[in-house]
Protein chains: 2
Amino acid sequence: MPADPLSRVFSALADPTRRDMVARLAVADATVNGLAEPYDVSVQAVSKHLKVLEDAGLVSRSRQAQRRPVHLEADVFDLMTTWIERYRRQAEERYRRLDDVLQTMPDDVDTPTPSTQTGAPS
Amino acid sequence: MPADPLSRVFSALADPTRRDMVARLAVADATVNGLAEPYDVSVQAVSKHLKVLEDAGLVSRSRQAQRRPVHLEADVFDLMTTWIERYRRQAEERYRRLDDVLQTMPDDVDTPTPSTQTGAPS
DNA sequence: TTGCTCTTCAACCGACTGGTTGACAACAAG
DNA sequence: CTTGTTGTCAACCAGTCGGTTGAAGAGCAA
């Protein structure tokens, strides 16, 4: 329960069955039994999956008689995309700059094997 | 081991320590010991984390004497972003259309009868 | 050779996960 | 009220996960 939101979302989508549920919920809301129908698992297992998705904020549920329609909350996707884009941009920018090879290796300053540089360090 | 690539990437990033490693690797490559230094865990644990990231394709490793520099492979991010964007777009589009409420909660149509639900209760 | 550093491998441990079955609450319809 | 549908809760089980410690492999430096 005390996991950070980002971990919960990534973890929730790490399961193929849950990803498939999300994919189907993107098309239309569904009930638990309706969601469980294509899979070869018990309805209780699907209910557990839905709890994981709900705890991650990916899904919300209302009441309708004895049914509990499941609705996809796509806003949480932004949590991931912002995180991903941030570091991808950093990595790409670093890749674009060529001089970063000078900074990649030295863990400590006294590099044991000197002069391996191309000899013309600016 | 036979998990699909998408599951591996999501699962790898579900851990906060591994996400932090990715964040630091976006800035610069690093060695195992260098990566392990800020964390309060053993170097072996960090080595395990790196194996997970490597199996997910998020990281590559070269040889350099007895060191094994770790390099971030940002291309795998696209796997996630395409998946996410696909279903977010579907969900948003569905949200924009108003008439879908007619399909999600049919009030007085012939839906409550489960006779034509799935046909084969197996 | 003998060391020393960096890293991984192997075994083990507690906690969590995804699945099961069984019981039960809530509601609709007969 | 009784029956049937829908969904959750509880207990249990095997497997995975993140962590540990200990040993060992791979490469440089004396």
Side-chain angles (χ1 to χ4, degrees), chain A residues 1-4 7-8 10-21 29-37 39-56 59-71 105-108 110-116, chain B residues 1-3 7-8 10-21 29-37 39-56 59-71 105-108 110-118 121:
Chain A
M1 178 197 0
D4 58 297
S7 296
R8 281 203 294 265
F10 276 123
S11 179
L13 294 180
D15 186 281
T17 303
R18 285 195 292 260
R19 277 202 310 277
D20 192 65
M21 290 182 186
D29 295 3
T31 65
V32 178
N33 273 298
L35 273 174
E37 190 262 318
Y39 311 121
D40 195 14
V41 295
S42 63
V43 185
Q44 290 95 319
V46 174
S47 188
K48 280 190 182 181
H49 281 308
L50 283 175
K51 182 154 182 22
V52 175
L53 291 173
E54 192 177 17
D55 290 346
V59 135
S60 68
R61 336 183 55 174
S62 51
R63 288 219 72 117
Q64 185 176 201
Q66 67 270 62
R67 320 231 171 112
R68 330 213 47 196
V70 186
H71 176 75
M105 281 328 292
D107 190 343
D108 41 4
D110 55 331
T111 313
T113 47
S115 77
T116 49
Chain B
M1 96 200 92
S7 296
R8 280 202 296 263
F10 275 123
S11 179
L13 293 181
D15 186 281
T17 303
R18 285 193 294 260
R19 277 202 309 277
D20 192 66
M21 291 182 186
D29 294 3
T31 65
V32 178
N33 272 302
L35 272 175
E37 191 260 320
Y39 310 121
D40 196 16
V41 295
S42 63
V43 184
Q44 292 95 322
V46 173
S47 187
K48 280 190 182 181
H49 280 308
L50 283 174
K51 181 153 183 25
V52 175
L53 290 173
E54 192 177 16
D55 290 345
V59 136
S60 68
R61 336 185 53 173
S62 51
R63 289 218 75 114
Q64 182 168 160
Q66 66 271 71
R67 319 227 174 117
R68 331 246 354 235
V70 185
H71 177 75
M105 30 189 47
D107 282 328
D108 48 0
D110 59 322
T111 40
T113 53
S115 54
T116 57
Q117 180 68 20
T118 55

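Every heavy atom of this structure was used, including side-chain atoms; hydrogens, water molecules and symmetry mates were not. Throughout, a chain's letter reflects where its sequence line sits, starting with A, and its residues are numbered from 1. Everything numeric here is computed off the predicted structure, so don't read it as measured data.
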Residues forming a side-chain contact (heavy atoms from CB on, under 4.5 Å) with B:A45, sequence neighbours excluded:
B:V41, B:S42
Using atom CZ of B:F10 as one end and atom P of D:dT16 as the other, report the distance to the nearest whole Å.
22 Å
Please classify the nucleic acid contact of A:R63 as base, sugar-phosphate, or nothing, using heavy-atom distances under 4.0 Å.
nothing
Applying salt bridge (charged side-chain N to carboxylate O under 4.0 Å, His left out) as the test, list every pair that has at least one member in residues 40-53 of chain B; sequence neighbours left out.
B:K51-B:D55
Given B:N33 and B:V43, is the side chain to side chain contact (heavy atoms under 4.5 Å, CB included) satisfied, shown in steps?
CA-CA 7 Å; B:N33 272 302; B:V43 184; 3.7 Å; yes
Rounded to the nearest angstrom, tell me the gap between atom CZ in B:R61 and atom P in D:dA26.
16 Å
Grab the CG-P distance between A:D40 and C:dG18 for me, whole Å please.
17 Å
Strand-adjacent residues in residues 42-51 of chain A, judged by heavy atoms under 4.0 Å from DNA chain C
A:S42, A:Q44, A:A45, A:K48, A:H49
From CG of B:D55 across to P of D:dC17 the rounded distance in Å is 10 Å
Can you tell me which nucleotide in D:dG7, D:dG27, D:dG19 comes closest to the side chain of A:R67?
D:dG7
B:E54 meets the side-chain contact (heavy atoms from CB on, under 4.5 Å) criterion, sequence neighbours left out, with B:V59, B:R61
Stepwise side chain to side chain contact (heavy atoms under 4.5 Å, CB included) test for B:V70 and B:D29:
CA-CA 6 Å; B:V70 185; B:D29 294 3; over 6 Å; no
Give every residue pair that meets the salt bridge (charged side-chain N to carboxylate O under 4.0 Å, His left out) criterion with at least one member in residues 12-21 of chain A, sequence neighbours excluded.
A:R19-B:D4
Which residue lies toward the 5' end of DNA chain C, A:Q66 or A:V52, if each is placed at its nearest nucleotide?
A:V52
Between C:dT7 (P) and B:E37 (CD): distance, integer Å
13 Å
Return the set of residues passing side-chain contact (heavy atoms from CB on, under 4.5 Å) with A:A14 (not counting sequence neighbours), or none when no residue passes.
B:F10, B:S11
Please report the distance, rounded to the nearest Å, between CG in B:N33 and C1' in D:dA26.
14 Å
Between C1' of C:dT7 and CG of B:L53, the distance in whole Å:
16 Å
Expressed in angstrom and rounded to an integer, what is the separation of A:R8 atom CZ from C:dC16 atom C1'?
15 Å
